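Working notes, beginning with the structure itself.
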Amino acid sequence: MTRGGQGLARVAVVVRAGAAPLWWLGVVAAGAGAFVPGLTGLRIGVLGGAALFLVAAALVALTRRGRYRALARAAARAGRHDVLQDRAVTARNWRRAHRWWLLLAFLAALGSALAAPAAAGLLLAGCGVGLWLKAAWIGRLERDDDVLLWVRVDWLRKGAGRPAGRAVKAYRTTGISAGDASPGGARRRLTTAA
């Protein structure tokens, strides 16, 4: 980066990056597990999985909200020479850094279907839904303050996906129209003039 500028990634995009892979891997694992009789039987596996889905979604969505709020309150304005990372690059970096964990979680969910059909797949899917809910909550924080929250890319290097981790000291803010992602990390819809 030139003249003291730093690379910045959207906080909500980093949070949201794992949602789709976890959701789809969970749905596939749960669907495949439904065809395995398992030790507990399909009914108990699905009911247990549904409970795990709800618990995982709630835990992931609610965890570390205080830390996110504190970092958002203390956020400083981004500098003129800071470089805003594209949404697609941020998501790709997260997925690349976590690809082996995602694969292992998927294989574990498939293997666990021998014990409780569909349960671990629904747990994975619940984690994905929890990340979507957390990203949506961050989007509400951003809309309330009329800013977008960014985190330094170099602070994400090790895990590429902990925007409220110990390495993160502070957030930066920009106006609501900066970057290519809307509040909450979704792809910004382009409006065409009539």
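Nothing here was measured: the structure is a model prediction, and the numbers come from that model.
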Quiz item: To the nearest 0.5 Å, how far apart are CG in Leu54 and CG in Leu59?
Solution: 11.0 Å
Exercise. Verify whether one side chain among Thr174 and Trp150 offers a donor that lies under 3.5 Å from an acceptor in the other.
Key: yes
Exercise. Could you pull out the closest heavy-atom pair between Arg95 and Ala20, with the gap in Å?
Key: NH2-CB, 4.1 Å
Quiz item: If you round to the nearest 0.5 Å, how far is CG of Leu8 from CG of Leu149?
Solution: 11.5 Å
Exercise. Indicate yes or no: at least one non-hydrogen side-chain atom of Pro117 is less than 4.5 angstrom from one of Val46.
Key: no
Quiz item: Given the rule in the side-chain contact (heavy atoms from CB on, under 4.5 Å) test, do Leu71 and Arg67 qualify, once you have shown the distances and angles that lead to the verdict?
Solution: CA-CA 6 Å; Leu71 287 167; Arg67 172 88 170 132; 3.8 Å; yes
Exercise. Identify the heavy atoms of Arg143 and Pro183 that sit nearest to each other, and give their distance.
Key: NH1-CB, 3.3 Å
Quiz item: Just by distance, do the side chain of Arg99 and the backbone of Arg96 share a donor-acceptor pair under 3.5 Å?
Solution: yes
Quiz item: Quick one: do Phe53 and Trp24 end up in the same hydrophobic cluster if we chain Ile, Leu, Val, Met, Phe, Trp and Tyr together by side-chain heavy atoms under 4.5 Å apart?
Solution: yes
Quiz item: Which atom names give the shortest non-hydrogen contact between Ala119 and Gly45, and what distance separates them?
Solution: CB-O, 3.6 Å
Self-check item: Residue pair Ala17 / Trp94: nearest heavy atoms and the distance that separates them
Solution: CB-CB, 3.6 Å
Practice problem: Looking only at non-hydrogen atoms, find the nearest pair between Leu156 and Ala9 and report the distance. | Solution: CD1-CB, 4.1 Å
Quiz item: Out of curiosity, does Leu22 fall in the hydrophobic cluster containing Val13 (side-chain heavy atoms, cut-off under 4.5 Å, transitive links)?
Solution: no
Quiz item: Hey, quick one: are Leu102 and Phe106 part of the same hydrophobic cluster, counting side-chain heavy atoms closer than 4.5 Å, chains of contacts allowed?
Solution: yes
Quiz item: Between atom CG of Asp144 and atom CD of Glu142, what is the distance when rounded to the nearest 0.5 Å?
Solution: 10.0 Å
Self-check item: Rounded distance (nearest 0.5 Å) linking atom CZ of Arg172 with atom CZ of Arg152
Solution: 6.0 Å
Exercise. With rounding to the nearest 0.5 Å, note down the distance linking SG in Cys127 to CG in Leu25.
Key: 11.5 Å
Self-check item: Any donor-acceptor N/O pair, Asp180 side chain to Arg87 backbone, under 3.5 Å
Solution: yes
Exercise. Consider only side-chain heavy atoms of I, L, V, M, F, W and Y, link residues closer than 4.5 Å, and tell whether Leu122 and Val129 are in one cluster.
Key: yes
Quiz item: Are the side chain of Lys134 and the backbone of Val15 linked by a donor-acceptor contact shorter than 3.5 Å?
Solution: no
Quiz item: Between Val168 and Trp155, which heavy-atom pair has the shortest distance, and what is it?
Solution: CA-CE3, 3.9 Å
Quiz prompt | Connected via hydrophobic side-chain network under 4.5 Å: Leu133 and Val14 | solution = no
Quiz prompt | Pairwise distance CG(Leu148) to CG(Leu141) - rounded to 0.5 angstrom | solution = 12.0 Å
Quiz item: Considering only heavy atoms from C-beta outward, does the side chain of Arg69 approach that of Trp137 to under 4.5 Å?
Solution: yes
Exercise. For the residue pair Val153 and Gln85, establish whether any side-chain heavy-atom pair is separated by less than 4.5 Å.
Key: yes
Practice problem: State whether the side chain of Arg10 and the backbone N or O of Ser182 hold a donor-acceptor pair below 3.5 Å, judged by distance alone. | Solution: yes
Quiz prompt | Residue Trp23 excluded, over 12 heavy atoms near CH2 under 6.0 Å | solution = no
Quiz prompt | Heavy-atom check, side chain of Tyr68 versus side chain of Pro163, under 4.5 Å | solution = yes
